[in-house]
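Here the structure is laid out as C-alpha cells; the discussion comes afterwards.
In the text below, chain A, chain B and the rest are named by the order of the sequence lines, each starting its count at 1.
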Protein chains: 2
Amino acid sequence: MNKKPTIRDIAEICGCSANTVSRVLRGSTRISLALREKIARVAKEIGYIPNSLAESMRTGSTKTIAVIFQDFRNPFFAVLARFIEEYARSLGYFVLFATTSESAEQEVAACRTVLGRNVDGILFSPIQRDTKAVKLLMGQKTPFVLLGRRFQGVDAYSVIADDEQGAYLTTRHLLERGAREILFLNSFSFICTSQFREQGYLRALKEYGGQPHILEVSMEYGKTREALKRLYQKPQPYDAILTFCDMMGFEAYYTLREIGRRVPGDILLAGMDGMQRDFIYPISLTSAVIDRKVLAEKAMDMLLMLIEHQRDSGKPLPDKKEIVIPQTLFLGQTT
Amino acid sequence: MNKKPTIRDIAEICGCSANTVSRVLRGSTRISLALREKIARVAKEIGYIPNSLAESMRTGSTKTIAVIFQDFRNPFFAVLARFIEEYARSLGYFVLFATTSESAEQEVAACRTVLGRNVDGILFSPIQRDTKAVKLLMGQKTPFVLLGRRFQGVDAYSVIADDEQGAYLTTRHLLERGAREILFLNSFSFICTSQFREQGYLRALKEYGGQPHILEVSMEYGKTREALKRLYQKPQPYDAILTFCDMMGFEAYYTLREIGRRVPGDILLAGMDGMQRDFIYPISLTSAVIDRKVLAEKAMDMLLMLIEHQRDSGKPLPDKKEIVIPQTLFLGQTT
DNA sequence: CTGTTAGCGCTTTCAC
DNA sequence: GTGAAAGCGCTAACAG
C-alpha cells in the first residue's frame, strides 16, 4: 500500500530539495521559473495534497476554529452553523463542530477534544448547568467567545441576542392583541437566555398589568406537547401562550389543535427565535427574530480579533466584552 | 506568553523521560506505581491536554472521520449529523463536518481539505452535478462511503434509502385517497434521489392509471412557494401534490393556504423524508419516513469496516457494496 | 521498569 | 536561487 505523496516525493522527482518544493507550493517567486513550473506540474500529477497536520505542527496555527453547541437538531444552531461555516471559510478558516448533547461531562470533553486539536479559537454555546467547561477554557490560552450565552460573574467575551427585548416585544404584542392570561412555556432557568426572556415577559406584563404564568419545559422532542396535554386535562384560563423558542411553539400549535383549540381563534400563540426567517413552515408563527447571520458574523469577528491579538499583541482587543444583537418582532398567523 | 504544556514539561517536573510520561498517559502498567501517580497528578495540575496533531503525525491515525454534505439548514442532514456524531463518538471517533453549499467547486475543496487533515474515512453526500469530487476520492487511499446517494457507473460503497419505494408508497396512498391528478414537485434530476423518487411516483401512477405531472424545483428557501404561486396564477387540475421532501411540503402547505386552498379539503399533500419522526411541526405531513439513525449507523459501520480492512487487510470487507434502507409510510393530517 | 534515538511531514533559519 | 539542518509534540523501536 503506497502512502500519500509528500513534498519529498515531489522533490525527488524534480531533483531538488524538499525545501524548494515547499517554497514553490507556498508561492515563492524567488525560484527559477522552470523549476516552479515543473514542481507545480508534478504536484498535480501525483495528486499531492498538503498535510495540514504537519503544517500546523510547524507553524503553530491550524487556521481552524471550533464551534461547540448542544445539538444540530435545533434548527437555530443548524442555521447558525451554516452561517459561521460560510463566513469562516470566506476568511480562510475551517470549522470544527463539537456537540454536547446537553451533558455537562460531554461539554468538558468537547472542549478538551478541540483544545487538543490546537484550534486557533472557540465559539462556545454552553449548556450552563455548571461552569466547569468555561472555567477550563479560561485556564487555557486559546481565545474563545460565548455564543448566545453569558455567565454571571464570568469575565468572558460574548455575543448574545437581546433576549429580554425579544420576549418583551412578543409579550407586549400578545397583550395588545387582547390577551390577559399569557402562559409562558420557558426553558430551564439555569440558561441565561431563559432568564432574560422571563424578564422581558415580566416587564411587559407589569406595564400592562397582567399576571405571570410560567412553566419550565425541556426543549426536547415531544416535551412541550406532553406538558400542554397534561396541563389541559383540567380547564385553563389562558388566552395566549408564549414559548421559549419556535420549535416549542410549533409543538404547542400542534397540540392545541389536537385538543381542539383554534389558533389564533381560541388562543393566541407566539414563539421566539424567528425561524421563519430561514424556513417556510406550514404556518407562520409570531415570533421575535434573531438575525442568525449577524450573530454568526459578529461572534466570528470578535473571535478573530482575539486570535490576532494573541498572535501579535500590537493588534487591538475588541472594545466591548459583550455584543448584544437587537431582536425584532415578526407578525405571523398565530396572533 | 507561556505555551501549552507538553509531555516534556511533565517529564521535567517528574524527573523522568518524556517517553515514560507518554507510556503512563496511555495507561501502561509497567511503570512503578509511585511514578505513575506522580505523572498523573502533575499532568492534571498543569492542565495537560494531549496534542492530537502530534499524536496523529506519529501514529498515522487521526481517529477522525469527515462528513461532507450540502447544508446544515436541511433538517434531514442536521438530524443525520447528530446521529452520526453520537454514534461515531461512542466508537471513539471525532467527526469533521464540511459543507459544500451546493457548489461543485466547494465540493472538491471540502474533500481536499478533509483529506489534508488525514481523516481515517469519509461519509460523503455528493451534490451530483458532476463526478469530480468522487473521482478525487477514488484516487486516494482514504476509505469513503456515499451517504444517501449513488452514482451510476461509479463503483463506490454506499448506504441509501429506498427512495423508489418511498415515493411509490406516498403516491399510492394519494391515489387510494382518490387523487387522480398528482403534481410531483421534484428536486433536480441530476440527483439520484430525485430519479428514484420519480420512478416510484411513476410506478404507482402506472398501476392506478394516472397521468404524471412533474415540475423540478430547487430545495432552497422560498423556491417551492415561488413555483406554486406562479403555477396557480392559472387554474390547475391537481387534486394532490407530492413534494421531493418535507421542507418543500411545508412550503407547499403554507402556499396552498395562502392562495386559498384547504389541505386536505381541496387538495391532498404529501412529502418525503418523514421529518415528523424527529420534530413536531405545526401540522403533521403525510410522508415516507427514512430512519435517519439507521442510515447514520449503517453508513458508519460500513466505513469502519473499510477503515479496519485498510489498516489490516486480514479484516473483512463489507459483503455488499450498497446497503438500501427501506422506507415506511407515515399518515399525517394532510391527506 | 525506564531511557535514548529516530522520525511522522512540514516550515524556519541559516548558509552558500 | 537553492540546500542542509533543526525541530513542532508525540510514539515506536530498541536498549539496558
[Y] and [X] side chains, donor-acceptor separation under 3.5 Å:
X	Y	result
A:Thr193	A:Arg149	yes
A:Gln106	A:Ser101	no
B:Thr100	B:Gln70	no

So does [X] get a side-chain nitrogen or oxygen closer than 4.0 Å to the phosphate oxygens (OP1/OP2) of [N]?
X	N	answer
A:Thr20	D:dG3	yes
A:Ser22	C:dC10	no
A:Ser32	D:dT2	yes
A:Tyr48	C:dC10	yes
A:Ser17	D:dT2	no
A:Lys3	C:dG9	yes
A:Arg26	C:dT11	yes

### Task
Identify, between A:Ala18 and B:Leu35, the residue whose nearest nucleotide on DNA chain C lies closer to the 5' end.
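So the residue in question is B:Leu35.
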#### Entry: Upstream residue (5' side of DNA chain C) when B:Ala54 and B:Thr29 are each assigned their closest nucleotide
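Its nearest nucleotide being more 5', the pick is B:Thr29.
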Tell me the interatomic distance from [X], atom [atom1], to [N], atom [atom2], rounded to whole angstroms.
X	N	atom1	atom2	result
A:Asp9	C:dC10	CG	C1'	13 Å
B:Ile39	D:dC10	CD1	P	13 Å
A:Arg30	C:dT13	CZ	C1'	14 Å
A:Glu55	D:dG9	CD	P	17 Å
B:Ile10	C:dT2	CD1	P	16 Å
A:Arg8	D:dG3	CZ	C1'	13 Å
A:Ile7	C:dT12	CD1	C1'	12 Å
A:Arg58	D:dC10	CZ	P	16 Å

### Query
Picking from A:Val324, A:Ile325, A:Leu146, what satisfies side chain to side chain contact (heavy atoms under 4.5 Å, CB included) with A:Ile160?
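Answer after filtering A:Val324, A:Ile325, A:Leu146: A:Val324.
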### Message
Mind checking if B:Asn51 touches a base, just sugar-phosphate, or nothing, with heavy atoms under 4.0 Å?
### Response
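Sugar-phosphate only.
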### Message
Just to be sure I understand the rule, does B:Leu53 reach a base, reach only the sugar-phosphate, or reach nothing, if contact means heavy atoms closer than 4.0 Å?
### Response
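The residue B:Leu53 makes no contact with any strand.
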### Query
Within a strict 4.5 Å, meaning less than it, do heavy atoms of the A:Thr62 and A:Ser52 side chains meet?
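Not touching, per the 4.5 Å side-chain cut-off.
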### Message
Roughly what angle, to 10°, lies between the helix axis at the start of the helix from C:dC1-D:dG16 to C:dC16-D:dG1 and the one at its end, five pairs per end?
### Response
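For the helix from C:dC1-D:dG16 to C:dC16-D:dG1, the axes at opposite ends meet at about 40°.
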#### Entry: Geometric cation-pi criterion, B:Arg82 with B:Tyr87: 6.0 Å, 45°
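So B:Arg82 doesn't make the cation-pi contact.
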### Task
State whether A:Phe83 and B:Arg73 meet the cation-pi test: NZ (Lys) or CZ (Arg) under 6.0 Å from the six-membered ring centroid, and within 45° of the perpendicular axis.
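The answer is yes; both the distance and angle limits are met.
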#### Entry: Nucleotide nearest B:Cys16 (side chain, heavy atoms from C-beta), chosen from C:dG7, C:dG3, D:dG7
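Looking only at heavy atoms from C-beta outward on B:Cys16, the closest nucleotide is C:dG3.
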#### Entry: salt bridge (charged side-chain N to carboxylate O under 4.0 Å, His left out) partners of residues 94-121 of chain A, not counting sequence neighbours, each pair once
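Output for this query is empty, none listed.
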### Message
Both B:Arg23 and B:Met57 contact DNA chain D. Which one's nearest nucleotide lies toward the 5' end?
### Response
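Between the two, 5'-proximity favours B:Met57.
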### Message
So, under a plain 3.5 Å distance rule, would you say the side chain of B:Asn19 forms a donor-acceptor pair with the base of C:dT4?
### Response
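When only heavy-atom distances are counted, B:Asn19 does reach the base of C:dT4 through a donor-acceptor pair under 3.5 Å.
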